[in-house]
Amino acid sequence: MRPPSHRRLGGGSRSNPLRSGGADGRKSFHAINIPRISAGSEERLNATQPSRAVQRVSGWFYDGQRFREGTVGWEEDVVVEIRSGRTRRPLAEGLILPGLWNAHTHLGDAIVTQELKGTIEELVAPPHGLKHRVLAKAKDAAVIAAMRRAMATMIRTGTTGFSDFREGGLNGLKLLYAALAAMPMQGLALGRPVGLSYDSREVAAILRASDGIAVSSYIDWPRDAIEKLAADARRAKKIFAIHCSERVREEIDAVLDLSPAFLVHMLHATDADLERCADAHVPIVVCPRSNAFFGMTPDIPGMLRQGVELHLGTDNAMINTPSLLREMEFAYRVARMKGGVPAREILEMALRGRRLADPHATSAIRVGARADLVILDLPGGRSGFASILRASASDVRLVVSGGRLWPAPSPSVRDASMIRGPRRRITRSTR
Ligand SMILES: [Zn+2]
């Protein structure tokens, strides 16, 4: 579905560990200088570099259908071993999932920290919504620090990849890359022009420096301008994505004519609109916590009945913390209110967005896949799917992102030689 150029973030980067962290690899592809702005080290995660030795975790791993008991091993940034039976000294044990993929974020919104009051328009609509006013005034270093904080939250809650709608034109993209540079994550950066108008030079620069373009909504834009934006993205073989039918129902044929890679929300879509999306193979990203904040809920079972491929996103970082563990739990509850969906479907929604970065990626843990894993201290077996919907950040034992470990392992307590010395000293001092 996606043009081949997007493979670079996933399958194409396996042999080079330097390129697994997003911005490192991006620099060679895009003519963009990442600003040397230090946002402080407080949100830098202490992740390791990928290891050339095979590292292993054991427990119940997701094979794309169910949880199987066994061991998963990876070398550098690629899964190289899957077998039944547990290994003797795993880095972690528990429920083993592929790293989650947050299919829709606005990480820059983490700059807004106050309690929010007001309507969708007052808070998020361009150009005068609260977030746009705060972002326009914020210092670059503060925006980078806020995005880095949001990324740290994602890693700590098992998310290793995301698709971000980045405001602020070319400079907005630079800030995202600066934030991403220190983080063990994959990010798809979707930029947009600074204003609600089309300038071919600005759009060309944004497309060179990004994975594509993502805008607020069809109705916010002059028709000819948004058509040119989408056409430029298509010509550059990059992603075009857009919010749709969030506040009001929008004309689905006009939106699909823009060849979007995915739509976000579709709260006010009719069954016929959803069927059109399914026929056109255009996935929909739902963000139920964001919708609920504004008094609405997506009809997840209804969307699935129309055959739509659903993804899960956490939307604005000022409205929701970007934790997919929380989003999955909430999505499951909201789906139950409209008839319910299997827990496994909710998990898949939090995994399949990675196909935007790599069309060959699957939701299964398999040999040859990128070493993106999250290990949770939760019951496995047949209870695995139900466990995930009860998971919280405190259940995360280990996150592996492109082979990099978070948290970086502390000296093993099993290694007696490392603790013998300090223990003796403690014993002596208490005499
Ligand atoms: Zn959004």
Side-chain angles (χ1 to χ4, degrees), residues 101-112 116 118-135 143 146-147 150-151 153-154 159 161-168 172-173 176 187-193 196 210-221 226 229 239-250 255 258 260-269 277 282-298 300 303 310-324 326-327 330-331 334 349-350 353 356:
W101 186 284
N102 195 334
H104 181 56
T105 59
H106 300 259
L107 296 178
D109 292 9
I111 190 80
V112 181
L116 301 173
T119 62
I120 295 188
E121 286 83 357
E122 286 161 352
L123 291 175
V124 303
H128 301 301
L130 174 74
K131 63 170 268 185
H132 299 285
R133 283 182 279 131
V134 176
L135 278 168
V143 178
M147 287 195 282
M151 289 174 193
T153 299
M154 286 199 277
T159 295
F162 63 88
S163 310
D164 192 64
F165 278 28
R166 189 71 263 266
E167 295 85 358
L173 287 165
L176 178 65
L188 280 186
L190 306 175
R192 68 171 67 162
L196 294 168
S210 70
D211 296 294
I213 290 199
V215 294
S216 56
S217 77
Y218 186 77
I219 48 172
D220 290 340
W221 278 76
I226 198 168
L229 264 184
I239 293 170
F240 178 80
I242 186 166
H243 298 96
C244 188
S245 296
E246 182 184 14
R247 285 167 277 168
V248 293
R249 180 174 171 244
E250 291 172 270
V255 174
L258 303 171
F262 61 91
L263 303 178
V264 183
H265 295 311
M266 294 294 274
L267 287 171
H268 295 282
C277 293
V282 174
I284 294 171
V285 182
V286 291
C287 311
R289 283 186 305 160
S290 173
N291 302 149
F293 188 82
F294 295 112
M296 298 173 284
T297 47
I300 293 172
M303 289 173 164
L310 292 184
H311 299 186
L312 202 56
T314 60
D315 210 2
N316 312 82
M318 64 181 188
I319 296 174
N320 309 296
T321 186
S323 162
L324 277 175
R326 283 199 187 180
E327 199 73 44
F330 192 77
V334 162
M349 287 164 61
L356 275 178

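Just so you know, ligand 1 is whichever comes first in the structure, and atom 1 is the first atom listed for that ligand.
- Residues forming a side chain to side chain contact (heavy atoms under 4.5 Å, CB included) with A150 (at least two apart in sequence, or on another chain): L107, A110, P322.
- Side-chain atoms of H106 and D164 form no donor-acceptor pair, as typed in the model, at a separation below 3.5 Å.
- Qualifying side chain to side chain contact (heavy atoms under 4.5 Å, CB included) partners for I219, counting only residues two or more places apart in sequence or in other chains: S217, V248, E250.
- Using a 4.5 Å cut-off on side-chain heavy atoms (C-beta onward), V264 and E246 make no contact.
- Taking a cut-off of 2.8 Å, the protein N, O or S atoms nearer than that to the Zn ion (ligand 1) are H104 NE2, H106 NE2, H243 NE2, D315 OD1.
- Residues meeting the salt bridge (charged side-chain N to carboxylate O under 4.0 Å, His left out) test with R326, sequence neighbours left out: none.
- Looking at R247 and D220, a side-chain N of the basic residue comes within less than 4.0 Å of a carboxylate O on the acidic one, giving a salt bridge.
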